[in-house]
Amino acid sequence: MAKSKETIGRTFIVVIALCLVCSIIVSGAAVGLKERQEANAALAMQRSVLTAAGIEFTGNTAESIYAERVREYRLNLETQELVEAGEEALAEAADVQDQGEVKRRLGRDEDIAGIRDLEQRTMFYIAYEEDGETVKSYVLPVRGAGLWGMMYALLALESDGKTIAGLNFYEHNETAGLGGEIQNPRWINNFIGKQAVDDDGTIEIRVTKGANPDQNEVDALSGATITSNGVDRTFQFWLSDKAYGPFLTKLREGEIE
């Protein structure tokens, strides 16, 4: 009777060899496709900026329109200095999970948006009219905690530095049909034209139940209280002196062109 060649040791050797081959294939694919993934992420961000700024585009024209009508900068939230973004900064911005270096951990009392860490530098976009010279809007990255995770958005303000020109929640984990409605244009359109802040920098925009549109309020999403509160707290934090507040004051006073 022939002795079987199948042993536990040989089985382990085959399994380990198979795992090594699969690991090499997956690693090779990840490295080989990294450049394409970064390019796709950058293009997705460009489309998000155009949407927030209210600039129309198609899938094929987004990149060229963006190049013509949007300029990218890095804003230092500590010094309020604005510098033109380089390639390294743009690569960081393409990763929505890492939009800048971490400056400091926020205290519980000041972290009303639930972001934990506030970066020192962030991306800042200026969108122009078709003439390429007249400012259409300033586009600010904002984020805040929702029900199931962080909600990432771009808030566009008109050239007066206080009126909302557009809003685009481009990434979130909220429940479809409930909190996920933060991406619904019908809800987003309620923000357009409202005052984010007044001339003195006081935050005017609010998301609340039974909102009064005449008081720059937007009605909360039905069945999504935590998400709605998260959106409201996102505005309250990022428009405050802890984030964009001092820079928006410079915009309103004409110190930024």
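Source: prediction; values computed, not measured.
Using a 4.5 Å heavy-atom cutoff, the side chains of R143 and T234 are not in contact. Side-chain contact between R121 and N76 is present, with at least one heavy-atom pair separated by less than 4.5 Å. Side-chain contact between V218 and V231 is absent, with no heavy atoms from C-beta onward closer than 4.5 Å. Within the 4.5 Å cutoff, side-chain heavy atoms of W238 are placed close to those of I115. For the pair T227 and M151, the minimum side-chain heavy-atom distance is below 4.5 Å.
Side chain of K250 to main chain of Q80: a donor-acceptor pair is present (N/O by atom type, distance under 3.5 Å, no hydrogens or angles). The backbone N or O of P213 lies less than 3.5 Å from a partner atom in the side chain of K194, making a donor-acceptor pair. Side-chain atoms of N189 come within 3.5 Å of backbone N or O of P185 as a donor-acceptor pair. When atom types are taken as modelled, the side chain of E68 and the backbone of E63 share no donor-acceptor pair closer than 3.5 angstrom.
The hydrophobic cluster around V15 extends to none of the other residues, as no ILVMFWY side-chain heavy atom falls under 4.5 Å of it. In the hydrophobic clustering (ILVMFWY side chains linked at under 4.5 Å, chained through shared members), I16 is joined by L20. With side-chain heavy atoms closer than 4.5 Å counting as contact, directly or through intermediates, the hydrophobic cluster containing I226 also holds L147, W148.
Remark: D198 does not engage K162 in a salt bridge, criterion side-chain N to carboxylate O under 4.0 Å.
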Per-pair distances, 0.1 Å, donor-acceptor, side chain in residues 44-55, under 3.5 Å, sequence neighbours excluded:
| from | atom 1 | to | atom 2 | distance (Å) |
| --- | --- | --- | --- | --- |
| R47 | NH2 | G59 | O | 3.3 |
| S48 | OG | A44 | O | 3.1 |
| T51 | OG1 | R47 | O | 2.9 |

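I188 and L178 fall into different hydrophobic clusters, defined by Ile, Leu, Val, Met, Phe, Trp and Tyr side-chain heavy atoms under 4.5 Å apart, directly or through other members. Placement of Y125 and L43 in two distinct hydrophobic clusters is found when ILVMFWY residues are connected by side-chain heavy-atom separations under 4.5 Å, directly or transitively.
Under the side chain to side chain donor-acceptor pair (under 3.5 Å) rule, Q120 has a single partner from R74, R104, E78, which is E78.
Heavy-atom minimum distance, G166 versus I192: CA-CG1, 4.2 Å. Contact record, L221 with I182: CD1-CG2, 3.5 Å, taken as the closest heavy-atom pair.
Residue pairs that meet the ring pair (Phe, Tyr, Trp, His ring centres under 6.0 Å) test with at least one member in residues 175-231, sequence neighbours left out, are W187-F191, F191-F235.
Residues that satisfy the salt bridge (charged side-chain N to carboxylate O under 4.0 Å, His left out) test with D219, not counting sequence neighbours, are absent from this structure.
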